[in-house]
Structure formats: C-alpha cells, structure tokens
Student: 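Below are the structure tokens for one structure; questions will follow.
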Amino acid sequence: MSATVDEAASAGFFAAIAAADEPAAMRIAGGLADAGVPVARVLTDLVAPAQRRVGEHWAEASWNVAREHAATHICDRVVTALGLRATAAGPPRGRVVLACVDGEWHALAARIVAETLRAEGWQVTFLGASTPADHLARFVSEKGPDAVALSCVLAASLPGARWMIEAVRHTGVPVLAGGPGFGPGGRWARLLGADAWAADAAGAAARLAHDWPAFTDPAPALDHLPDQEHRLLADRRYDLVEQAMHAFTAKVPGAAGYSAWQLEKTREDFGYILDFLVAALLVDDVSLLEDFTGWLTRIMAPRGVPAPVIGIGYDILLDVLAGRPRAVRMLAAARASLPQAR
C-alpha cells in the first residue's frame, strides 16, 4: 500500500461505507496509517471526501436516510479509531476548544478537524454539536484555551454563530471559524466577527500554527445591518410558521388530505425557509437565500416536489411577511430564481 491516499484506497473506502462494511472501512483507513500516511492526511484525504459523497447521495435521493446514517456512523467510528492512533512529536502546541455553533447538529466535520488538530500536536477539547453560546463562554473562561474553533455546516446556523463569536471574544480568546456555512471563502465569518477563517481541517491546522494572536478584542458591532429584521423574524418564528401553515391548508386543496406526517414535514419546510431567510438578513446577503433555494430545488425534485410547489410556499411566506420590506425583497428575489419563474 502506498504512503498516500490514492484512488484505489478512496474507491475501496467509499465502497465499504456504501455497503455498511465497517471492518473493511477500518482495514483501509488503518492500513493507510500503518503504511506511513499521516493520520491527518487520512482524515482529510480519505474520510472527509467520502463523507461529502455520502451527502451528495442523500441530496440526490439515491440513498435513503438509513443508508446515509449507516455510512456516516462508520466514518465517525473510523475518525475515532484514527484519533486514538494519532501521536505528535514534541510538546503540545497549545489548547483549542472546538464546538459546532448553536443550532448546528452536523458534527462529523468538526470531529475530523478535532482529530486533525490533535494529530498536529494541539490539545483539543471537542464540545460536540449545537453548543449554547453562554455555556461555551463559561467553559472558555474556566479553561483558558489559546483558540476557540467554531464549525458551521449550514448557513441557517449563522445567527447562532454570531452569538458564540460575541460570547467567546468577550473572554479575550480569538475565534477561528470553519465550514461551508460561513459562505464562499468564509466571507460571512469575518462579517460576523471571527478573528480568522479556514476552509478545511488542514487549513485550520495551518492557520493556528502561524501568527495566531494571543488575545482578541470584543467582537465589533454589526455595522452593515440597516435594521433588526433578522431578530424580529427569529423572535416570531413559531407564529410565522403557524400563519404559513394556516394559509397553506386554505390555499392548497390537496392539503386537506395530508397525513399528520406530511403536515409536519410541510411545517418543517416553512421553518427551514425562514431560518435561511433570517441568516440572509443577518449577513445582508440575498445570495445566501438564493443558494439555499437552488439547493432546496435540487433535493426536492427527486423526492417528487417540483419547483412550482416550492414557489407556492414562497408565495405564502411573502404574504405572511408583508410589512417587512427587506425580508420581502430577499424572499422575492429567491422566489424569482426558481426555475418556473424564468
């Protein structure tokens, strides 16, 4: 076996997790480490790409949730096993507290970052998914790490990210942000006050290793915001979703025949759209909502929900949000990006 993660190893590993064959996945990952591939490289070049492919299969509906969960569980087990093998020469570089932002439940990417940093010589405390901001701040005050790393996979969690950045920077500890939820090139991470941003686990290790500040000031105010619509919508989320559901059942004749499960899924969908709208308002960037709309269209089509049906949901929310000019402007722009509106 070569000392790099080659195509054969990648293909074999993905075939193993696709077949829910944990022993085979363990053999391939462990074999690479035995052959001299650094654990950090196995994590970033083998496990992380495979997990991204798992997400693609779920999005395309070629895998159901159970199969996606089985593959993700095996990746998580492999990350744990590799983490136990990781040894770094020399004294620890410093201490890092790593957490998923409040509202973010996708923890595997953060786990890969945690084990990569550990393999690079950092003492890492991983706090897991969706850590409340005030709890994180207390933990940081007690432990006094050199850095706090925050992971955000979905942009809908950016309001939670802002709360955490504010809370941590108030303690004087610098914040490193990472994950696709912070936007292309991490542009929303900097806007929300993170001290730095890294694209992936290797980037996080490199950023912490060079010119990492010892202290930071409190997070700057969000001067880009023209209003507080994001906060108003977040505070009224429950009422807005219920208003949308009432309008939906009145407007769509077929809704009368929906099962309780279908109604709950529809309620969840309205909530997701609102969550991404709140995040778009927070960063004042309509592209966030447009990107989400494109993604929603792609994942719903193979599940039997065409773009025109999604458009009905957006129309209902436009009526519900009347009187909120910036929210309506963003939602209308995203609505116009749906295929049937072109």
Side-chain angles (χ1 to χ4, degrees), residues 14 17-18 43-44 46-80 82-83 96-117 124-133 135-136 148-165 175-184 186 188-189 192 194 197-204 265 268-269 271-276 278-280 282-283 288 291-292 294-296 298-300:
F14 186 76
I17 64 173
L43 289 166
T44 58
L46 181 80
V47 183
Q51 187 59 32
R52 283 195 290 272
R53 290 185 64 186
V54 170
E56 291 166 1
H57 278 278
W58 172 85
E60 295 166 355
S62 56
W63 285 11
N64 62 23
V65 173
R67 193 171 181 189
E68 179 260 329
H69 281 192
T72 300
H73 173 70
I74 292 173
C75 284
D76 190 79
R77 294 266 295 166
V78 169
V79 171
T80 298
L82 290 171
V96 177
V97 170
L98 195 153
C100 297
V101 302
D102 197 357
E104 179 62 72
W105 295 95
H106 297 82
L108 183 57
R111 291 256 294 114
I112 291 173
V113 173
E115 298 305 339
T116 299
L117 294 180
V124 181
T125 302
F126 180 54
L127 302 184
S130 190
T131 306
H135 292 220
L136 172 63
V148 169
L150 297 179
S151 173
C152 180
V153 174
L154 297 180
S157 300
L158 287 178
R162 171 60 184 181
W163 298 332
M164 297 175 83
I165 291 168
V175 175
L176 174 64
F182 283 108
W188 300 321
L192 297 181
W197 174 82
D200 50 27
K265 288 299 178 184
E268 287 180 3
D269 290 340
Y272 290 142
I273 298 170
L274 279 172
D275 290 341
F276 278 90
V278 167
L282 172 65
V283 297
L288 187 157
D291 289 347
F292 165 72
W295 176 83
L296 182 65
R298 287 194 299 276
I299 69 163
M300 294 302 278

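Values below: all heavy atoms of this structure, side chains included; hydrogens, waters and symmetry mates excluded.
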Student: Between Trp188 and Ala155, which heavy-atom pair has the shortest distance, and what is it?
Tutor: CZ3-CB, 4.4 Å
Student: Can you name the closest pair of heavy atoms from Ala114 and Leu98 and give their distance?
Tutor: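 Minimum heavy-atom separation between Ala114 and Leu98: N-CD1, 3.8 Å.
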Student: State whether the side chain of Arg298 and the backbone N or O of Glu60 hold a donor-acceptor pair below 3.5 Å, judged by distance alone.
Tutor: no
Student: Would you compute the distance between atom CH2 of Trp58 and atom CD1 of Ile299 and round it to the nearest 0.5 angstrom?
Tutor: 4.0 Å
Student: For Trp63, is the CH2 atom crowded, meaning more than 12 foreign heavy atoms sit under 6.0 Å from it?
Tutor: yes
Student: Report the distance from atom CZ of Arg52 to atom CZ of Phe14, rounding to the nearest 0.5 Å.
Tutor: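 Here the interatomic distance stands at 12.0 Å.
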Student: Write down the atom of Val113, the atom of Ala204, and the distance for their closest heavy-atom approach.
Tutor: CG1-CB, 4.3 Å
Student: Enter the distance from Ile17:CD1 to His73:NE2 here, rounded to the nearest 0.5 Å.
Tutor: 12.5 Å
Student: Going through the checks in order, is the salt bridge (Lys or Arg N to Asp or Glu O under 4.0 Å) test met by Glu268 and Lys265?
Tutor: CA-CA 5 Å; Glu268 287 180 3; Lys265 288 299 178 184; 3.5 Å; yes
Student: Mind running side-chain contact (heavy atoms from CB on, under 4.5 Å) on Leu176 and Val96 for me, showing each step along the way?
Tutor: CA-CA 10 Å; Leu176 174 64; Val96 177; over 6 Å; no
Student: Do Leu154 and Asp275 have side-chain heavy atoms sitting under 4.5 Å apart?
Tutor: no
Student: Is Ile273 close to Phe292 at the side-chain level, that is, under 4.5 Å between some pair of heavy atoms?
Tutor: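 Contact flag for Phe292/Ile273 side chains = yes.
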Student: What is the minimum heavy-atom distance between Asp269 and Met300, and which atoms define it?
Tutor: OD2-CE, 4.0 Å
Student: Let me confirm one number: the OG-NE2 distance from Ser130 to His135, rounded to the nearest 0.5 Å.
Tutor: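 That separation rounds to 10.5 Å.
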Student: Among Val175, Leu150, Leu282, which residue satisfies the side-chain contact (heavy atoms from CB on, under 4.5 Å) criterion with Leu192?
Tutor: Leu282
Student: Can you name the nearest heavy-atom pair linking Met164 to Val101, along with the distance?
Tutor: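 That would be SD-CA, 3.1 Å.
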Student: Between Glu115 and Arg111, does any NZ, NE, NH1 or NH2 come within less than 4.0 Å of an OD or OE carboxylate oxygen?
Tutor: yes
Student: Would a line drawn from the ring center of Tyr272 to the ring center of Trp295 be shorter than 6.0 Å?
Tutor: no
Student: Asp200 versus Thr44: any side-chain heavy-atom pair under 4.5 Å?
Tutor: no
Student: Return the CG to OG distance between Leu127 and Ser151, rounded to the nearest 0.5 Å.
Tutor: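 Between Leu127 CG and Ser151 OG, I get 12.0 Å after rounding to 0.5 Å.
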Student: Write down the atom of Pro132, the atom of Asp102, and the distance for their closest heavy-atom approach.
Tutor: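 In terms of heavy atoms, the two residues are closest at CA-OD2, 3.9 Å.
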Student: Looking at Arg77, I want to see if its CZ is surrounded by more than 12 non-hydrogen atoms of other residues, nucleotides or ligands under 6.0 Å.
Tutor: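 Not buried by this count: 12 neighbours or fewer within 6.0 Å.
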Student: CD of Glu104 to CG of Leu158: how many Å apart, nearest 0.5 Å?
Tutor: 9.5 Å
